[in-house]
Amino acid sequence: KQWYQRRVRGTPIVLIIFQTKRVLNKSIQMATMVDNPNPVVFAIKEFQRETRPLSTNDDADKFDAFEVFELIRKINDPEHPLTLEQLNVTQYENIFVDDENGFVRVFFTPTIPHCSQATLIGLSIRVKLLRSLPSRFKVEIKITPGTHNSEDALNKQLNDKERVAAAIENSALLEVVNNCIAHTDD
C-alpha cells in the first residue's frame with residue numbers, strides 16, 4: 001500500500017512507470033516500423049550518352065543532366081538497402097541543368113504519398129550535389145508534383161538555406177545523410 005501512496009506531482013508512481021513503459025514500447029515499435037515495407041524495385045536503365053569533344057580552351061567543363069544523374073543515382077534509401085534509382089525515386093528525366101546560368105533542379109518521387117523519409121532523401125540529394133558540383137551552381141530539390149501529401153511544405157523546407165544548414169549541423173542527422181551517400185563514388 002505504501003508504494004500506491006507515493007506520488008509525483010499528484011500522479012501515483014506506478015502509473016508513471018506504466019506510462020513510461022508504454023511510451024518506450026511505442027517508440028521501439030515506431031523505430032522498427034518502415035513506411036513502405038515492400039517497395040517496388042525497378043530495373044536499372046542503361047543510358048547511351050552522346051560523346052562530346054574534349055574542351056581545348058580554359059572554359060569550365062559543362063555539366064548536363066546525365067552528369068548530375070550519375071552523381072545521385074547511387075544514393076541509398078534511408079529505409080532499405082536499395083538505391084534511389086532502384087526505387088525509381090530519382091530519374092534521369094526529372095533532372096534539369098542550365099549550365100550557362102549555373103542552375104540545377106532535381107525532382108524526386110517518394111515511393112508512397114505519405115513517405116516520412118522524403119525530407120531525408122531530399123537532404124541527401126542536396127548534400128551530395130553541394131559536395132560534388134562547383135560552387136557556381138544553385139541547386140533546387142523538389143518533390144515531383146502530386147506524389148506526396150506534404151509536397152509544398154517539404155519543397156519549402158528542402159530549399160530553405162537556414163533549415164538545410166541547421167539540419168546539416170545536427171550530428172545525428174548528418175550521420176544518416178553521410179550513410180546514404182557513402183557509396184555514391186564507387
Side-chain angles (χ1 to χ4, degrees), residues 22-42 63 65 67-99 101-184:
R22 187 174 59 191
V23 169
L24 284 173
N25 287 340
K26 187 165 182 127
S27 296
I28 291 168
Q29 287 174 350
M30 290 180 72
T32 58
M33 289 176 52
V34 176
D35 281 347
N36 188 2
N38 297 310
V40 176
V41 179
F42 295 84
F63 279 84
E67 287 177 287
V68 172
F69 182 66
E70 283 294 312
L71 292 172
I72 66 173
R73 74 191 301 178
K74 294 180 183 175
I75 294 175
N76 287 323
D77 182 80
E79 288 185 327
H80 303 286
L82 300 166
T83 66
L84 297 184
E85 181 185 20
Q86 290 172 312
L87 295 173
N88 233 17
V89 172
T90 57
Q91 299 173 30
Y92 170 73
E93 298 82 15
N94 290 337
I95 298 171
F96 305 94
V97 177
D98 181 355
D99 188 71
N101 296 313
F103 184 76
V104 174
R105 177 179 290 139
V106 176
F107 287 96
F108 71 97
T109 308
T111 57
I112 52 175
H114 58 278
C115 179
S116 64
Q117 301 296 318
T119 306
L120 189 55
I121 292 168
L123 186 61
S124 297
I125 293 170
R126 176 173 289 286
V127 168
K128 176 62 180 174
L129 292 178
L130 289 175
R131 290 179 182 174
S132 302
L133 292 174
S135 60
R136 66 185 171 95
F137 282 99
K138 179 184 185 300
V139 176
E140 185 177 66
I141 308 297
K142 292 187 160 225
I143 292 181
T144 306
T147 61
H148 196 280
N149 295 341
S150 303
E151 174 187 330
D152 293 334
L154 290 172
N155 285 340
K156 184 176 180 180
Q157 187 175 13
L158 290 170
N159 292 294
D160 183 319
K161 287 181 183 180
E162 285 89 25
R163 290 183 189 187
V164 170
I168 293 172
E169 287 177 7
N170 180 325
S171 60
L173 191 54
L174 185 59
E175 183 179 346
V176 174
V177 169
N178 285 336
N179 287 336
C180 288
I181 64 175
H183 302 288
T184 55

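Just so it is clear, the values below take in all heavy atoms, side chains as well, and ignore hydrogens, waters and symmetry mates.
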Closest non-hydrogen atom pair, Thr111 against Val89: CG2-CG2, 4.0 Å

Just by modelled atom types, is the Lys156 backbone N or O under 3.5 Å from a matching donor or acceptor in the Asp160 side chain? no

Considering residues at least two apart in sequence or located in another chain, which fulfil the side-chain contact (heavy atoms from CB on, under 4.5 Å) criterion with Asn94? Gln91, Phe107, Thr109, Thr144

Quick one: pull up CD1 in Ile72 and OG in Ser132 and give me the separation to the nearest 0.5 Å. 10.5 Å

Kindly say whether Leu87 contributes a backbone atom to a donor-acceptor pair with the side chain of Asp77 at under 3.5 angstrom? no

Would a distance-only check, ignoring hydrogens and angles, find a side-chain to backbone donor-acceptor pair under 3.5 Å from Thr83 to Gln86? yes

Are there over 12 heavy-atom neighbours, none belonging to His183, within less than 6.0 Å of that residue's NE2? no

Please test Asp98 against Val104 for side chain to side chain contact (heavy atoms under 4.5 Å, CB included), starting from the C-alpha separation and ending with a verdict. CA-CA 6 Å; Asp98 181 355; Val104 174; over 6 Å; no

Which atom pair, heavy atoms only, marks the closest approach of His148 to Pro110? CD2-CG, 3.8 Å

Look up atom CG in Leu84 and atom OG in Ser124, then write down how far apart they are to the nearest 0.5 Å. 7.5 Å

From CA spacing to verdict: side chain to side chain contact (heavy atoms under 4.5 Å, CB included), Leu71, Thr184: CA-CA 7 Å; Leu71 292 172; Thr184 55; over 6 Å; no

Pro78 and Leu120: which non-hydrogen atoms are nearest, and at how many Å? CB-CD2, 3.6 Å

Are the ring centres of Phe137 and Phe63 closer than 6.0 Å? yes

Is the side chain of Arg126 donor-acceptor paired with the backbone N or O of Val164 at a distance under 3.5 Å, no angle test? no

Between Ala118 and Ile143, what is the shortest heavy-atom contact and its length? CB-CD1, 4.2 Å

Identify whether the distance between the nearest side-chain nitrogen and carboxylate oxygen of Asp152 and Lys142 falls below 4.0 Å. no

In Å and rounded to the nearest 0.5 Å, what is the CD to SG distance from Gln117 to Cys180? 8.5 Å

Are side-chain heavy atoms of Lys138 and Asn159 found at a separation under 4.5 Å? no

Can you check side chain to side chain contact (heavy atoms under 4.5 Å, CB included) on Leu133 and Val139, steps first, answer last? CA-CA 9 Å; Leu133 292 174; Val139 176; 4.1 Å; yes

What's the separation between atom CD1 in Ile125 and atom OG1 in Thr90, rounded to the nearest 0.5 Å? 6.5 Å

Can you tell me how far the SG atom of Cys115 sits from the CD1 atom of Ile121, to the nearest 0.5 Å? 4.5 Å

Counting only N and O atoms by type, is there a donor-acceptor contact under 3.5 Å from the side chain of Arg73 to the main-chain atoms of Val68? no

List the steps and the verdict of side chain to side chain contact (heavy atoms under 4.5 Å, CB included) for Leu158 and Glu140. CA-CA 8 Å; Leu158 290 170; Glu140 185 177 66; over 6 Å; no

Straight-line distance of Arg163 CZ to Thr119 OG1, nearest 0.5 Å: 10.0 Å

Do you know which two heavy atoms are closest between Glu151 and Pro145, and how far apart they sit? OE2-CA, 3.3 Å

Heavy-atom check, side chain of Leu123 versus side chain of Ile141, under 4.5 Å: no

His80 (side chain) donor-acceptor with Leu82 (main chain) under 3.5 angstrom: no

